[in-house]
Amino acid sequence: MNADDAPTLRGSNSLSSDEDMRQGIAERKFFTSHRQNLDRIQQDCAEKSGKPSIHAVHDPFSRDVDEYSTYAGPESWFHKNSQNLKNAVKEKSCSDWTEAIVPMYSWLKTYDWRNSFPSDVIAGLTVGVMIVPQSMSYAKLAGLPVEYGLYSSLAPVYAYALFGTSRQLAVGPVALISLLLNSGLSLIMSNAGMTPENTENYDEIYGTLAIQTSFLVGVFYIIMGVFRLGFITIFLSHAVVSGFTSAAAIIIGTSQLKYLFGYSIPSDKTLHKMLYNIFKDIAKFNWGTFLLGSSCVFFLLGMKKLAVKFPKLKYARALAPLIVTVFTIVLQATVDIESKGIPIVGYIPQGLPKFSGGKAVNIDDFGSLLVVIISIVIVGFMESIAIAKQLAGKNNYEIDSSKELIGLGVANLTGGLFGGYPLTGSFSRSAVNNEAGAKSGISAVITATLVGLVLIFFTPIFELLSLPTLASIVISGVVSLVDYDEAKYLWKVHTFDFSVWMFAFLGTLFLGVELGLGIAVGLSLLLVIFESAYPHTAILGRLPGTTEYRNIKNYNQAERYDGIVIVRVDAPIYFANTQNIQDKVQKYENRASSEKGIPVQFVIIEFSAVAHIDTSALHTLHEMHNNFHKRNIRLCITNPNAKVMQRLLSSGLIDDIGRESIFVSTHDAVSYCLNEMDYDEIQTKKTTDDVHLEETFPLKLNVEDSLINDPEPLKLDAEETPANDASEMNDIESAPVAK
């Protein structure tokens with residue numbers, strides 16, 4: 001873009017002359033502090049124009065560390081969190097500790113019972129009528145009896161209301177966690193040689209493993225929350241997570257087709273094998289189950305579309321599962337669809353869950369459960385924290401990731417103690433909860449209370465619910481998880497991210513959920529390592545008319561200077577990327593020397609984006625300095641932060657390269673380097689001319705001999721007088737040197 005074409009920025013000086021500017025300022029009725037600051041800056045820059053303005057670099061050892069002095073690096077992270085813990089122990093009162101441990105205590109103190117309680121009751125009842133059929137459906141997906149889903153929606157929901165930080169998040173059984181549990185526990189049972197056919201108490205063992213998994217997932221969450229390890233999930237890129245979730249949703253939906261088709265289909269963890277098993281016995285297809293199940297699916301999806309299109313009908317989304325549930329219960333009670341080949345839920349134990357702590361802690365093989373636990377912990381927290389932060393932003397409050405980990409941990413721990421299986425935040429139920437007007441965790445208390453009433457009084461009614469209806473609830477719930485819009489967006493915006501999405505998607509579909517999740521995590525870590533090991537670097541040049549230095553690839557008009565290479569490193573420097581950075585700096589220096597045939601005398605490295613360096617980086621900088629020094633090239637560093645400066649001083653690197661080679665700004669460094677090269681060139685020119693005069697006119701060396709041998713002084717003809725050389729020499733001797 002040409003300067004003439006550049007847009008005028010708001011607040012920029014658009015007056016055509018100094019007189020116009022003075023006239024515009026004179027017409028002001030008053031001066032704001034912002035205008036005074038702007039005038040001061042302009043005056044300061046005008047006074048400094050043409051004059052060197054080099055500032056001294058700060059001394060990190062004499063600098064006080066305050067709340068803004070945060071630096072990158074693992075030691076800084078540990079120091080910060082340990083210091084926060086020490087301060088908390090010293091300063092917090094019992095009330096503060098209660099608020100920190102039990103977030104419900106904090107918001108209850110300011111809870112507006114008159115205005116918020118009715119909204120919470122409505123929202124809680126709305127989610128309650130939605131969670132009862134959904135939790136039963138997801139329990140079947142997890143390979144468990146339906147009561148496990150109801151148990152996971154009771155005590156754990158109460159626990160989250162007490163310890164969770166989100167006021168609108170609706171926790172409970174979800175499809176993705178149910179699939180991960182089913183896939184993982186089925187593999188454990190298979191590896192142990194146990195199948196429903198050869199093991200009489202297969203369901204009991206499987207249920208015990210589910211309870212133990214929930215308990216251990218809770219323990220993992222709590223440990224992560226105490227040590228503030230919530231940042232771990234940020235290593236999963238959005239493209240990877242979207243690809244994995246989309247493929248898992250397809251597998252979930254396909255696994256429910258056996259209830260719609262009406263015949264037994266062996267389950268499998270890969271799509272192609274599941275499709276083979278479906279079509280292998282297609283002759284057993286049951287039209288009755290298919291019509292009932294598919295009708296329910298279309299009704300549920302239609303109600304969702306209706307709620308989106310017409311906001312006044314927002315409750316249609318929440319009531320839809322209850323409507324199909326009531327419809328099929330009435331159908332079974334009046335027509336007896338079970339006798340026509342449509343299976344129903346059957347027996348559900350009536351009453352509240354019994355304490356299952358003995359089963360939860362009596363773990364025989366922790367190692368076999370570890371893979372399942374880690375996968376559920378990663379996916380569960382990633383899903384829950386994403387929803388919680390989104391809802392917190394909409395309702396103007398903040399979420400503490402570490403406290404949220406503890407809240408989820410206590411909920412899952414409680415689930416393990418009272419007959420439940422792993423749970424997390426639900427996308428659909430949380431959205432309904434927020435749209436219904438939930439203001440606090442009271443809505444979760446109402447939801448759990450409704451589930452408790454169902455368990456005490458209404459389980460005989462839900463025994464009449466048909467399995468195709470439960471399957472339709474699952475299928476309608478996972479349709480929205482297939483994120484094809486994201487795939488199209490990635491294809492349009494970032495082809496590489498689209499490739500990552502496809503890799504995670506296809507890997508999950510055709511290799512299984514466990515391997516798919518492993519691929520997703522592995523891809524994310526590889527991307528992190530790649531971006532870290534190959535950081536962005538740039539050669540800088542000065543923008544004309546400014547003291548700003550920018551990437552010459554982005555700004556063709558940026559000026560570069562002979563003998564100087566300016567390099568910016570846009571990342572912390574540590575063991576993983578030191579070699580790459582060293583190679584790039586060397587490449588830039590070689591290229592600059594070969595382009596014009598002028599040797600490089602100064603290499604300036606801008607450290608403004610270098611938040612942290614480790615000992616490997618210090619060794620590399622020492623090596624770079626030594627290599628440059630052998631070739632008469634000086635290394636300069638600009639704008640290091642206090643932590644980096646401290647490392648440079650402690651390592652002795654500053655003593656090697658010289659304190660005068662560390663600068664506050666890149667412009668200071670360039671001014672210094674140009675001044676040094678100017679002085680050196682003048683000295684070289686002066687020395688060369690002196691030698692030339694000595695060789696041409698050796699007066700000084702032979703004057704005494706001439707006087708002895710010839711009493712008359714040496715006479716030079718006018719035409720032999722080196723007038724031009726003498727005047728040039730005088731000019732050189734009288735030239736000012738900005739040293």
Side-chain angles (χ1 to χ4, degrees), residues 130-154 172-186 189 196 202-207 209-211 213-214 248-249 251-269 274 277-278 286 289-290 292-294 296-297 300 321-322 324-325 328-329 332 337-338 342-349 353 376 415 419-424 426 428-429 451 454-455 459 461-479 481 513:
M130 188 178 182
I131 198 175
V132 170
Q134 276 194 348
S135 62
M136 296 169 67
S137 303
Y138 294 144
K140 295 295 289 183
L141 174 61
L144 295 163
V146 294
E147 61 266 22
Y148 277 75
L150 295 171
Y151 295 161
S152 299
S153 306
L154 182 61
V174 298
L176 198 53
I177 300 301
S178 300
L179 176 66
L180 288 171
L181 183 72
N182 187 355
S183 181
L185 296 187
S186 297
M189 298 290 284
Y202 181 91
D203 291 339
E204 182 182 349
I205 297 173
Y206 188 96
L209 289 176
I211 290 172
T213 303
S214 181
I251 292 177
I252 291 170
T254 308
S255 70
Q256 298 300 296
L257 291 180
K258 61 184 178 181
Y259 299 113
L260 269 65
F261 288 0
Y263 60 92
S264 178
I265 300 174
S267 60
D268 200 277
K269 60 183 179 180
M274 291 175 68
N277 293 335
I278 289 172
N286 186 329
T289 58
F290 178 74
L292 178 61
S294 58
C296 291
V297 170
L300 292 168
L322 181 64
V324 296
T325 299
T328 53
I329 288 175
Q332 168 61 23
I337 57 177
E338 184 182 14
I342 299 177
I344 62 174
V345 170
Y347 173 72
I348 302 175
I376 291 175
Y421 74 95
L423 62 140
T424 190
S426 166
S428 59
R429 294 194 298 273
V451 173
V454 169
L455 281 168
T459 52
I461 296 176
F462 283 96
E463 291 176 357
L464 304 178
L465 181 61
S466 69
L467 294 183
T469 303
L470 292 180
S472 69
I473 294 173
V474 174
I475 293 172
S476 66
V478 299
V479 165
L481 294 180
V513 178

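What you see is a predicted model; the values in this text were computed from it and never measured.
- In this structure, the side chains of L467 and I344 stay at 4.5 Å or more apart for every pair of heavy atoms.
- Taking the six-membered ring for Trp and thresholds of 30 and 60 degrees, Y151 and Y148 have ring planes inclined between 30 and 60 degrees apart.
- A 4.5 Å side-chain heavy-atom check between M274 and S255 finds at least one atom pair inside the cut-off.
- The line from OH of Y421 to OG1 of T213 is 12.0 Å long, rounded to the nearest 0.5 Å.
- We find the CG-OH distance between L292 and Y259 to be 14.5 Å, quoted to the nearest 0.5 Å.
- Applying the side-chain contact (heavy atoms from CB on, under 4.5 Å) test to F290 and every residue at least two apart in sequence or in another chain returns F261, F285, W287, S294.
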Taking it one step at a time, do K258 and Y263 satisfy side chain to side chain contact (heavy atoms under 4.5 Å, CB included)?
CA-CA 6 Å; K258 61 184 178 181; Y263 60 92; over 6 Å; no
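- For the pair L300 and P321, the tightest heavy-atom approach, listed with the atom from each and the gap, is CD2-N, 3.6 Å.
- Counting heavy atoms from C-beta on, the side chains of I252 and I475 never come closer than 4.5 Å.
- Nearest heavy atoms, I211 versus G419: CD1-CA, 4.1 Å.
- Counting only residues at least two apart or on different chains, the side chain to side chain donor-acceptor pair (under 3.5 Å) pairs with a member in residues 464-475 are T328-T469, S466-T469.
- Here OG of S214 is found 8.5 Å from CD1 of I376. Values are rounded to the nearest 0.5 Å.
- Counting heavy atoms from C-beta outward, F462 and V454 have side chains that approach closer than 4.5 Å.
- Rounding to the nearest 0.5 Å gives a distance of 6.5 Å between CG of L464 and CD1 of I329.
- For S426, the side-chain contact (heavy atoms from CB on, under 4.5 Å) partners are V174, S428, R429, not counting sequence neighbours.
- Listed by chain and residue number, nothing satisfies the side-chain hydrogen bond (donor to acceptor under 3.5 Å, both in side chains) test with Y138 (two or more places apart in sequence, or in another chain).
- Minimum heavy-atom separation, P343 to T289: CD-CG2, 4.0 Å.
- Nearest heavy atom pair, residue S137 against residue V474, reads CB-CG2, 3.4 Å.
- The shortest side-chain heavy-atom distance between I177 and L423 does not fall under the 4.5 Å cut-off.
- With sequence neighbours excluded, no residue forms a side-chain hydrogen bond (donor to acceptor under 3.5 Å, both in side chains) with T325.
- Within the 4.5 Å cutoff, the side chain of D203 has no heavy atoms near those of the P145 side chain.
- In this structure, CD on Q332 lies 8.5 Å from CD1 on I342, to the nearest 0.5 angstrom.
- Residues satisfying the side-chain contact (heavy atoms from CB on, under 4.5 Å) test with S183, not counting sequence neighbours, are K269, V513, E514.
- Nearest heavy-atom pair across A139 and G149 is CB-N, 3.5 Å.
- Here the side chains of L150 and I131 are not in contact, with every heavy-atom distance at 4.5 Å or above.
- One distance of note links CG of L141 with CD1 of I473; it measures 12.5 Å at 0.5 Å rounding.
- No side-chain heavy atom of P133 sits under 4.5 Å from any side-chain heavy atom of L322.
- The two residues N277 and P266 make their nearest non-hydrogen contact at ND2-O, 3.2 Å.
- Every residue was checked against the side-chain hydrogen bond (donor to acceptor under 3.5 Å, both in side chains) condition with E147, not counting sequence neighbours, and none meets it.
- The side-chain contact (heavy atoms from CB on, under 4.5 Å) search around V146 returns M136, K140, V345, I348, L470, not counting sequence neighbours.
- Listed by chain and number, the residues in a side-chain hydrogen bond (donor to acceptor under 3.5 Å, both in side chains) with T424 amount to none (sequence neighbours excluded).
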